[in-house]
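All heavy atoms count here, side chains included; hydrogens, waters and symmetry mates do not.
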Amino acid sequence: MSDHPTSSILDRFAAGEPTPLEARLVVTHLMRGCTACAEALRSRAKALAASEPDLFADNPDLDELAEDFEIGLQPVAAPWVGEEDVQLTAEQDAGYDLALERALSSVRMHGEQAIARKRQAEDVLARIAAEGPGSVSAERDGAYPVYEAMLAQSWAARHDDPAKMVDYAWQAVRVSGFLEQEGFNPRHTADLQARALGELANALRVADRLPEASSTLEQAESRSRNGSGDPILSLRLADLRASLLISTHHYREAVELLERVQADHFDLGDRHNAGRALISQGISLGYLGDARQALARIDRGLSMIDEKREPSLRAQALHNQLLFMASFGLLDQAVALLAQNRAALQQSGGRLDRAKLRDIEGRIHARLGNFDRAEEALREAAAEFEAAGVQGNHAVVCLDLAAVLLAEGRNAEAQVLAAQALQVFRHLELQEEVAEAMEILDRVLRSELVTSGFLQNLADFVRRARLNPGLRFLPGFDPA
């Protein structure tokens, strides 16, 4: 459920004087089943009807309409549904009453059916949890309940199993082809299909299948242009586009897009998603090397989010703050942040998030000279990455761990560990700059010139090169 429309927006809506964007926000929000806002709107409408009866002379069913909103239309993405959809622009305020009447008619028409669909979706989710995804089908259980269940399962898998995240989202896309047969009109169907394609694109991005993610997101954006123009869906697709820009290292473009996303969410009264966009902006700025702005944006975003609405978001933001503090040498701040938020960081996210946290913690302690604590944290992180099959992360952590062992004078152990990391890298598909750095590591190991500082710099370079292709590794000496 998005944040509630502001009181002033509800006042204008009840009086029939909202902007088109405000009208879309209120109707979409009510269609998602918010009884509090339905009651608030009904109270306002009753007060207006009592004070200005002529205003509602042609709409005697206003109270009944609020009751219809209370039962909640669960197919969520498109308020402007009906046999003759109207697309509003800023210049079409005069047509607002007609568009609103059609939207509200659709709520009355679909309301009871929506309750049944919601219950069916809950049943489908329960069956998937108990018996697996093969126990449900669109033919038997209905396309829409399966569609919602598959998207919910996809989102739930995002921290622990990217492959399953992709599979579930793909199933949602597949069943979305049957939605029109269940009574959804073409524009509403297009919205729901665009939503599923967008979530599939996001899953492909998480799974590091970036070319596929890009083409799938383009399909989602194209499909949405045939839909209702729902601003919530448009903002979600813009947010996914920004995430893809970050993953493909277009950080400046991501910052610019997120500026617009943040402003639009704020205009709609959605502080949580405005804060979310600020956090993503901060992450992009951190990757661009602007530590001060990165940490400031993330701090501001954290002050705006609703943790109950998205429990893992705070931990993800804190995780990135720790990463930037460690990368930019703000070690005392990093230690303080970790101490203040350790429980939240350890309990949030999935297995890989916890492994990344231990990795960052180990690197912080290594730079502070706390080698025992650094070794313990890095060994745990390396074991988790290896068990999860994330070979690249495992190899980089091994370089960090080898640097710690060298600093402790355990040269033979460090040499073996660094050599093992090199062999892992040689079996991976590496970008050119990282492959060149690994050749330097090979020469250094053979010449026995390896030092703790060299390995630490190399590990840092590999991480930076993933975020900024084109960087070159400079060892600081001639390894030949």
Worksheet item: Could you give all pairs that pass the salt bridge (charged side-chain N to carboxylate O under 4.0 Å, His left out) test and reach residues 237-257, with sequence neighbours left out?
Response: Glu221-Arg241, Arg236-Asp239, Asp239-Arg276

Worksheet, complete the sentence: Value for CG (Leu417) from CG (Leu399), rounded to nearest 0.5 Å, stands at 8.0 Å

Worksheet item: Excluding sequence neighbours, so at least two apart, what forms ring pair (Phe, Tyr, Trp, His ring centres under 6.0 Å) with Tyr251?
Response: Tyr287

Discussion item. Applying salt bridge (charged side-chain N to carboxylate O under 4.0 Å, His left out), can you list everything that pairs with Arg358, at least two apart in sequence or on another chain?
Written reply: Glu361, Glu380

Discussion item. Can you tell me if Arg158 has over 12 outside heavy atoms packed within less than 6.0 Å of its CZ?
Written reply: yes

Fill in: Distance (rounded to the nearest 0.5 Å) between Gln193 CD and Leu179 CG
6.5 Å

Practice prompt. State which residues pass salt bridge (charged side-chain N to carboxylate O under 4.0 Å, His left out) with Asp400; sequence neighbours excluded, sorted by chain then number.
Written response: Arg463

Worksheet entry | Residue pair Val175 / Tyr144, side-chain heavy-atom distance below 4.5 Å | no

Worksheet item: In Å and rounded to the nearest 0.5 Å, what is the NE2 to CD1 distance from His365 to Ile360?
Response: 12.0 Å

Worksheet item: Which is it for Tyr147 and Phe178 under the ring-ring contact (aromatic ring centres under 6.0 Å, His included) test, yes or no, and what are the steps along the way?
Response: CA-CA 10 Å; Tyr147 165 93; Phe178 303 103; over 10 Å; no

Fill in: Note, Ser176 side chain near Leu192 side chain (heavy atom, < 4.5 Å)
no

Worksheet entry | Leu295/Leu285 under side-chain contact (heavy atoms from CB on, under 4.5 Å): CA gap, chis, key distance, verdict | CA-CA 9 Å; Leu295 295 173; Leu285 289 165; over 6 Å; no

Discussion item. Do Ser214 and Thr248 make a side-chain contact, defined as non-hydrogen atoms from C-beta onward lying under 4.5 Å apart?
Written reply: no

Worksheet item: If only atom types and distance count, is the side chain of Asn185 paired as donor or acceptor with the main-chain N or O of His188 below 3.5 Å?
Response: yes

Item to complete: Decide yes or no for Asn393 and Asp359: does some side-chain heavy atom of the first lie under 4.5 Å from some side-chain heavy atom of the second?
Response: no

Worksheet item: Between CG of Leu318 and CG of Asn341, what distance do you get to the nearest 0.5 Å?
Response: 4.5 Å

Worksheet, complete the sentence: Heavy atoms of Gln456 and Ala366 approach each other most closely as NE2-CB, 4.4 Å

Scan the side chains in residues 319-338 for donor-acceptor partners under 3.5 Å anywhere in the protein, sequence neighbours excluded, and list what turns up.
unit_1 : atom_1 : unit_2 : atom_2 : d
Asn320 : ND2    : Gln316 : O      : 2.9
Gln321 : NE2    : Asp299 : OD1    : 3.0
Ser327 : OG     : Leu323 : O      : 2.8

Worksheet entry | Under 3.5 Å side-chain donor-acceptor pair for Glu310 and His272 | yes

Worksheet item: When rounded to the nearest 0.5 angstrom, what distance separates CG in Leu441 from CZ in Arg426?
Response: 8.5 Å

Discussion item. Quick check: closest heavy atoms across Ala194 and Leu233, and the distance to 0.1 Å?
Written reply: CB-CD2, 4.1 Å

Worksheet item: So Leu257 and Leu245, side-chain contact (heavy atoms from CB on, under 4.5 Å) or not? Walk me through it.
Response: CA-CA 9 Å; Leu257 177 56; Leu245 286 169; 4.1 Å; yes

Worksheet item: Checking side-chain contact (heavy atoms from CB on, under 4.5 Å) for the pair Val462/Met438: CA distance, chi angles, key distance, verdict?
Response: CA-CA 10 Å; Val462 173; Met438 290 305 115; 3.9 Å; yes

Item to complete: Determine, step by step, whether Ile440 and Leu458 satisfy the side-chain contact (heavy atoms from CB on, under 4.5 Å) criterion, reporting the C-alpha distance in whole Å, the side-chain angles of both residues, the deciding distance to 0.1 Å, and the verdict.
Response: CA-CA 10 Å; Ile440 295 174; Leu458 178 60; over 6 Å; no

Item to complete: Identify, with sequence neighbours excluded, every residue that meets side chain to side chain donor-acceptor pair (under 3.5 Å) alongside Arg367.
Response: Asp460

Fill in: Exercise: identify the closest heavy-atom pair between Ile246 and Ser280
CD1-O, 4.0 Å

Worksheet item: Any side-chain donor paired with an acceptor under 3.5 Å for Gln281 and Gln262?
Response: no

Worksheet entry | Closest non-hydrogen atom pair between Leu151 and Ala172, with its separation | CD2-CB, 3.6 Å

Discussion item. My understanding is that only residues two or more places apart in sequence, or in another chain, count here; which of them pass side chain to side chain donor-acceptor pair (under 3.5 Å) with Arg127?
Written reply: Asp141

Worksheet item: Is it true that the side chains of Ser247 and Arg205 contain a donor and an acceptor less than 3.5 Å apart?
Response: yes

Worksheet item: What salt bridge (charged side-chain N to carboxylate O under 4.0 Å, His left out) pairs are there with at least one residue in residues 162-176, not counting sequence neighbours?
Response: none

Discussion item. Contact between Ile279 and Arg297 at the side-chain level, heavy atoms closer than 4.5 Å - yes or no?
Written reply: no

Worksheet item: Does Asp270 use its side chain to pair, donor to acceptor, with the backbone of His265 at less than 3.5 Å?
Response: no

Item to complete: Calculate, to the nearest 0.5 Å, the distance between atoms CG and OG1 belonging to Leu244 and Thr216 respectively.
Response: 10.0 Å

Discussion item. So, using salt bridge (charged side-chain N to carboxylate O under 4.0 Å, His left out) as the criterion, who are the partners of Glu436 when residues are at least two apart?
Written reply: Arg472

Fill in: Flag side-chain contact, heavy atom, 4.5 Å: Arg309 against Asn273
yes

Worksheet entry | side chain to side chain donor-acceptor pair (under 3.5 Å) involving Arg379 - partner list, sequence neighbours excluded | Glu375

Worksheet item: Nearest heavy-atom pair of Gly362 and Ala374: which atoms, and what distance?
Response: O-CB, 3.3 Å

Worksheet item: Would you say Ile364 and Leu368 make side-chain contact, with heavy atoms under 4.5 Å?
Response: yes

Discussion item. For Glu212, give me all partners under side chain to side chain donor-acceptor pair (under 3.5 Å), at least two apart in sequence or on another chain.
Written reply: Arg209

Discussion item. Taking the side chain as everything from C-beta on, heavy atoms only, tell me whether Gln391 gets closer than 4.5 Å to Phe385.
Written reply: no

Practice prompt. Sequence neighbours left out, what passes salt bridge (charged side-chain N to carboxylate O under 4.0 Å, His left out) with Glu384? Give chain and number order.
Written response: Arg351

Worksheet item: What heavy-atom pair brings Ala294 and Gly282 nearest, and what distance separates the two atoms?
Response: CB-O, 3.2 Å

